Amino acid sequence: MTRAEMSSDDEDTPLSQTISRKNTKVRKVVVEEDSDYDSDDVLSKQPKKKKTKTTLKDKKVKLEVGSDDDDEVMSKKLEKKKKKKSKSKTSKKSVKIEEEGQKELKKKKEEEEEEEEEEDDEDTKEESYKWWEEGDSKDAGWTTLVHNGVMFPPDYEPLPSHIKLYYDNQPVELPPEAEEVVGFYAALLETDHGKNPVFQKNFFNDFLQVLKENGGTLNGIQIKSFNKCDFTKIYNYFEVLKEEKKKLSAQEKKELRLERQKEEEPYKFCELNGRKEQVGNFRVEPPDLFRGRGKHPKTGKLKRRVHPEDIVLNLSKDAPIPKPPKGHKWGEIRHDPNVQWLAMWRENIFNSFKYVRLAANSSLKGQSDLKKFEKARELKSHIDAIRRDYRRSLKSKVMLERQKAVAIYLIDVFALRAGGEKSEDEADTVGCCSLRYEHVTLQPPNIVIFDFLGKDSIRFYQEVEVDKQVFKDLIIFKRPPKQPGHQLFDRLDPSILNKHLQSYMPGLTAKVFRTYNASKTMQDQLDLIPNEGSVAEKLLRYNAANRTVAILCNHQRSVTKGHAQSVQKANFRIKELVWQRIRLKKSMLQLDKKLRKKNPKFYAEIDDLTKENEIEIHEKIIERENEKYQRKFVRENDKRKFENEELLEEKVLNEWLEKVENLKEEFAEEVKTGKIVIKPTLNTVEKLEKQIEKLDLRIETSSIQLKDKEENSEVSLGTSKINYIDPRLSVVFCKKFGVPIEKIFTKSLREKFTWAIESVDENWRF
DNA sequence: CTCTGGACTTAGAATGCTAAGA
DNA sequence: TCTTAGCATTCTAAGTCCAGAG
């Protein structure tokens, strides 16, 4: 087995993890063991409530008229919109001609208003087709499909002639095709990808290939070694471009945006079964270097440009065929109503397909989404039987049965993915069925440590207690001659598992468990929230529930670049507050020495503050103050320069800095004598006490915020909200708790989940 | 059966935008 | 008022699962 050879030296974490991800924290999950699974078994998280029917059943009178009418309304709206657009254009021009200045502002406002109106129009239009109110859920697929094809990325624009790749300090003349590839790499020079040797190697090979295809360099330089290539000129050029783009005025940016919008307009929508619907990814992926996740053997390879000839369009037989770009032809025209894609092409890295499909807010996507959640809800009435069976089968005499049982247990309890077989030229990641010997460590009596890379090379690390029988089975599955590299479930694969699951319920597969358990968990968590307090508090609770689900599904995100710094800052702020509190306490003692005897505990923290600590805090404060004034000075003068006012003299800055110097001296004095200079406003014990109370509060809230920030820094709430938590749960929560839905779903999520928002009453349960 | 092509969902990174803070 | 942190959106990689061929 080749896996066996690979595995042992696979210890080191992938690049992405070492760089951007902190070590996954040890999460202890305790699953109570219970041999008597008829009683209140923790594992049989069975729903106590009766199944409540969806509102789907109460088929409302169809509000919507036929598609003809619809079309008419739509085209009218379109007309309106067009007029508006042209109007705003002309007004812009005329104003510009008139004069700049005051009117500028007015114009801006006007435009904004118009744009808002436009959006509203669009909203009402989009929401007009309430498919969920039609009883029969049609199967995915279409009867008519009309669209304008896809949008191609712009052709390559060669670099200006003074920007070049250097090889061995010599400027290289490259054919544009090769220069483009070099540019892809140069842009990533300072990123993790650019520094990854595998990425470099793959890029370089493909670059040489392209260079050869195009006749080599134009000035006779032979490129042989990656290390002799100097990309910095190109890199810097790109950086300058970025800067310039950032510097554009708001007005210019807006014009660019409008330009872009106009260009994409024809591709944004299609006509599905006679209704206008949004297309998702109508832009063909531009050429680039393939950015594989984790330790991907193919990362850095050139993803080639896609031409019209590579593209297959799918649309109605009688639909007009969109015009291909000049001088080109479409690869193929297809009329397959059984698939949801509008266009497709083959990419060159894995020779797999890429699809252009409808947007998330489309009826087709909505219907499959609803179907997915209904399937998960269906599992409610089978889950008890399934759990009973797999618990029994944990002791089965047949190895295959045991493996199935343990696998379903892991999928059910720890929300593992199915885990299909992967080929050699992909990153080595696993799911349940593909777990290997080295991914689970067994610690008697019944602790299991999972440590493996899952989807997207995200680390799954958990120390958990498992059912005693599961533990025994895992020992058996690891028994010699098995060793690192060997499959834990050697008789199993997802299709066997899924076939088994289908015997309980049609359509039941491993992934349904994730949906089911995520939504079930959310329901349970939401049930615990009391209907009290402010909207902000309720939101916090909602997010906490959301977080529980995200942790269950192991949804992570890399910490943002500023995170460490901002945590540090927050930490120091807390330190500083504590220091101030200590000073206040010292002040109290200065007023009345006997106080300490009365309440020694209260004053104990005074001794925690060492001289070094104190000095460190002092220094940081001084540093901060100095920087503050320096910045203030520079900023003020910039402003004055701009407005042609008299500049502040150095003297002013020095006066400010003197204040800081004074403070510094006070601090030094304080350290030397240990005496606090009490402010006249705080000259009684009572006043000081009040002040301390305030500080206590601030320290408390800052600490909570910090904790929240740190806990959330590695957890991604979005994925579960988008894919796993039945949106109807959130809708019910909002209705019952008086929380506006906008607080929970962004605009695009509201559009995606319109079917949920409009179909559910507050008694609905998952 | 097993294998693979094909079509779909799920996923975090990258990028863009906006509102809160220095 | 400008910056910047954090949120929303876009992008496309990476999974799952099924069907049909052999």
Side-chain angles (χ1 to χ4, degrees), chain A residues 16 20-21 140-141 187-188 191-193 242 245-246 250 253 257 260 280-286 288 290-294 296 298-299 303 314 336 338-341 344 346-347 349-355 357-360 364-365 368-369 371-372 417-423 426-427 429-434 453-458 493-499 501-502 507-512 514-515 518 550 553-558 560-563 565-566 569 624 627-628 631-632 635-636 638-639 642 709 712-714 716-720 722-724 745-749:
Chain A
S16 67
S20 54
R21 214 176 289 282
L188 301 174
T191 66
D192 293 350
H193 290 299
K242 262 193 234 164
K245 204 169 160 194
K246 239 196 293 187
K253 277 183 189 160
R257 206 167 48 231
R260 200 178 136 103
N281 53 331
F282 49 83
R283 278 169 206 282
V284 170
E285 291 176 21
D288 200 354
F290 171 69
R291 282 125 116 141
R293 312 256 171 95
H296 201 300
K298 293 199 172 189
T299 195
K303 192 171 77 172
N314 188 34
D336 186 350
N338 300 313
V339 293
Q340 301 191 1
W341 52 266
M344 177 198 97
R346 223 180 240 286
E347 53 76 53
I349 306 277
F350 299 102
N351 212 236
S352 66
F353 298 123
K354 298 276 190 172
Y355 300 93
R357 321 194 53 207
L358 287 158
L364 275 186
K365 290 274 199 186
S368 357
D369 227 23
K371 222 159 106 191
K372 174 184 76 185
R417 296 187 182 83
E421 195 66 43
K422 294 189 78 187
S423 82
E426 295 173 89
T429 63
V430 297
C432 183
C433 293
S434 47
L453 299 182
K455 184 179 179 182
D456 292 299
S457 294
I458 295 297
D493 67 48
S495 88
I496 294 170
L497 203 63
N498 286 337
K499 231 161 255 148
L501 291 172
Q502 320 256 325
L508 183 59
T509 62
K511 85 190 266 283
V512 179
R514 270 169 79 85
T515 315
C553 296
N554 198 38
H555 291 144
Q556 302 185 17
R557 58 172 182 176
S558 51
T560 51
K561 14 175 171 36
H563 178 74
Q565 204 188 13
S566 83
K569 232 177 173 176
R624 194 179 59 200
E627 277 171 15
K628 193 177 86 186
R631 260 205 308 271
K632 189 177 167 186
R635 190 153 6 99
E636 181 69 23
D638 276 353
K639 201 180 97 193
F642 188 73
K709 194 177 191 166
N712 244 354
S713 70
E714 296 177 342
S716 164
L717 303 188
T719 307
S720 50
I722 293 168
N723 299 302
Y724 287 103
F745 289 152
T746 65
K747 182 160 172 273
S748 39
L749 274 191

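Predicted, not measured: the structure shown is a model, and the values here were computed from it. Letters A, B, ... are given to chains in the order of the sequence lines, protein chains preceding strands, and every chain is numbered from 1.
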- Message: If I take atom CG in residue Leu188(A) and atom P in nucleotide dT12(C), what distance separates them, rounded to the nearest angstrom?
- Response: 13 Å
- Message: Just the rounded figure in Å: distance from C1' of dC8(B) to NZ of Lys371(A).
- Response: 11 Å
- Query: The side chain of Lys455(A) lies closest to which of these nucleotides: dT12(C), dA7(B), dA11(B)?
  - Reply: dA11(B)
- With DNA chain C as reference, determine whether Leu749(A) or Lys354(A) sits nearer its 5' end, using the nearest nucleotide of each. Leu749(A)
- Note on the structure: Which of dA13(C), dT10(B), dT9(B) is nearest the side chain of Arg293(A)? It is dA13(C)
- Item | Proximal nucleotide (of dT12(C), dA14(C), dT9(C)) relative to the Phe290(A) side chain | dA14(C)
- Rounded to whole angstroms, how far apart are CZ on Arg283(A) and P on dG16(B)? 11 Å
- Task: Assign each of Glu285(A) and Leu508(A) to its nearest nucleotide of DNA chain C by heavy atoms, then name whichever residue's nucleotide is nearer the 5' end.
- Result: Glu285(A)
- Task: Would you mind telling me which of dC17(C), dC8(B), dT12(C) lies closest to the side-chain atoms of Ala418(A)?
- Result: dC17(C)
- Item | Closest listed nucleotide, where the reference is the side chain of Arg357(A) and the choices are dA13(B), dC17(B), dC8(B) | dC8(B)
- Message: My understanding is that only residues two or more places apart in sequence, or in another chain, count here; which of them pass side-chain contact (heavy atoms from CB on, under 4.5 Å) with Lys298(A)?
- Response: Phe290(A), His296(A), Lys301(A), Ile349(A), Phe350(A), Asp425(A)
- Item | Sub-4.5 Å side-chain heavy-atom contact between Glu347(A) and Ser352(A) | yes
- Item | OP1 or OP2 of dC17(C) under 4.0 Å from side-chain N/O of Asn498(A) | yes
- Hey, is the side chain of Arg514(A) poking within less than 4.0 Å of OP1 or OP2 on dA11(B), counting only N and O atoms? yes
- Using whole Å, report how far NZ of Lys298(A) lies from C1' of dA13(C). 14 Å
- Message: Would the base of dT9(B) count as contacting Lys372(A) through its side chain, where contact means a donor and an acceptor less than 3.5 Å apart?
- Response: no
